[in-house]
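No experiment lies behind these values; they were computed from the predicted model shown.
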Amino acid sequence: MQINKLRGKELDQLFESVLSLKDMEECYRFFDDLCTINEIQSLAQRLEVARMLREGFTYHKIETETGASTATISRVKRCLNYGNDAYEMALERIAGEKKTEEV
């Protein structure tokens, strides 16, 4: 994992903070203070690109709908194919939560 190079007290504190958040409103408040609007949009965009790639959308369709560059789409695809399966894990979990809410 590339992130292992950053492992340490500060990163642990960041992740512990994220894990301590109790609901969507706390997430909105925390990330509003932590990140710029552009940073938040970039993170959200990458997750949407990952979802669309998993569902078989073309690069052109993803680029049109999300505004992501082909470089961003390629990077996300590389993570989906050769990464830590974290996009897959997160997307499966939120899909499962949405199904539970619908029942």
Side-chain angles (χ1 to χ4, degrees):
M1 284 193 294
Q2 294 176 349
I3 201 165
N4 280 337
K5 296 174 185 173
L6 302 176
R7 201 177 278 269
K9 185 179 87 174
E10 290 175 354
L11 197 54
D12 287 351
Q13 177 178 257
L14 172 63
F15 293 157
E16 286 171 4
S17 297
V18 171
L19 291 170
S20 76
L21 301 173
K22 294 178 177 55
D23 57 31
M24 191 72 72
E25 185 57 33
E26 285 189 3
C27 285
Y28 271 93
R29 291 173 45 211
F30 181 75
F31 281 93
D32 189 36
D33 284 351
L34 181 67
C35 301
T36 66
I37 295 300
N38 287 340
E39 291 167 337
I40 294 168
Q41 287 175 325
S42 292
L43 294 170
Q45 181 187 68
R46 289 179 190 165
L47 189 58
E48 178 62 5
V49 167
R51 184 195 65 77
M52 292 179 78
L53 283 168
R54 281 179 67 225
E55 293 181 11
F57 287 86
T58 65
Y59 272 41
H60 178 71
K61 182 73 169 174
I62 295 169
E63 192 176 8
T64 301
E65 287 196 17
T66 68
S69 67
T70 55
T72 296
I73 298 168
S74 294
R75 182 185 186 289
V76 172
K77 185 172 184 174
R78 187 173 56 249
C79 288
L80 285 171
N81 291 333
Y82 305 108
N84 300 303
D85 297 323
Y87 278 124
E88 189 75 33
M89 175 185 63
L91 291 167
E92 285 295 319
R93 287 181 182 172
I94 62 174
E97 288 174 8
K98 287 180 182 177
K99 285 180 185 174
T100 302
E101 290 173 5
E102 291 173 2
V103 174

Item checked: Pairwise distance OH(Y87) to CG(N81) - rounded to 0.5 angstrom -> 12.0 Å
Check: Quick one: OG on S20 to CD on Q13, what's the gap to the nearest 0.5 Å?
Finding: 10.5 Å
Item checked: Atom pair CZ (R51) and OG1 (T66), whose distance is rounded to the nearest 0.5 Å -> 10.0 Å
Notebook entry, point to check: Do we see a donor-acceptor contact under 3.5 Å between the side chains of R7 and N4?
Noted result: yes
Next item on the list: Would you tell me whether S69 and T72 have side-chain atoms, one donor and one acceptor, within less than 3.5 Å of each other?
Entry: yes
Next item on the list: May I ask you to check whether over 12 heavy atoms, not counting those of R75, lie within 6.0 Å of atom CZ?
Entry: no
Note to self: Test your reading of the model: is there a side-chain donor-acceptor pair from N84 to the backbone of A86, 3.5 Å cut-off?
What the structure shows: no
Next item on the list: State the CD-CG distance between E39 and L34, to the nearest 0.5 angstrom.
Entry: 7.5 Å
Notebook entry, point to check: T64 and H60: side chain to side chain contact (heavy atoms under 4.5 Å, CB included), yes or no, with the steps?
Noted result: CA-CA 6 Å; T64 301; H60 178 71; 3.7 Å; yes
Item checked: Reported CD-to-CD1 distance for the pair Q45 and I62, which is rounded to 0.5 angstrom -> 10.5 Å
Item checked: Neighbour count >12 (heavy atoms, 6.0 Å) for atom CD, E55 -> yes
Next item on the list: Inspect the contact between E92 and R54 and indicate whether a charged nitrogen and a carboxylate oxygen are less than 4.0 angstrom apart.
Entry: yes
Check: For the hydrophobic clusters of this structure (ILVMFWY residues joined by side-chain heavy atoms under 4.5 Å, transitively), does one cluster hold both L43 and V49?
Finding: no
Margin query: Nearest 0.5 Å, please: how far is CD1 in I3 from CG in L11?
Written below: 5.0 Å
Next item on the list: For residues I40 and F31, report the shortest heavy-atom separation together with the two atoms involved.
Entry: CD1-O, 3.3 Å
Check: Is the closest side-chain heavy-atom distance between F57 and K61 below 4.5 Å?
Finding: yes
Check: Do L6 and F15 sit in the same hydrophobic cluster, where Ile, Leu, Val, Met, Phe, Trp and Tyr count as joined when their side-chain heavy atoms come under 4.5 Å apart?
Finding: yes
Note to self: Using side chain to side chain contact (heavy atoms under 4.5 Å, CB included), reason through D85 and L80 one step at a time and then give a plain yes or no.
What the structure shows: CA-CA 6 Å; D85 297 323; L80 285 171; over 6 Å; no
Checklist line | Lys/Arg-Asp/Glu bridge criterion (N-O < 4.0 Å) met for R29, E26 | finding: no
Checklist line | Atom OH of Y28: over 12 foreign heavy atoms under 6.0 Å | finding: no
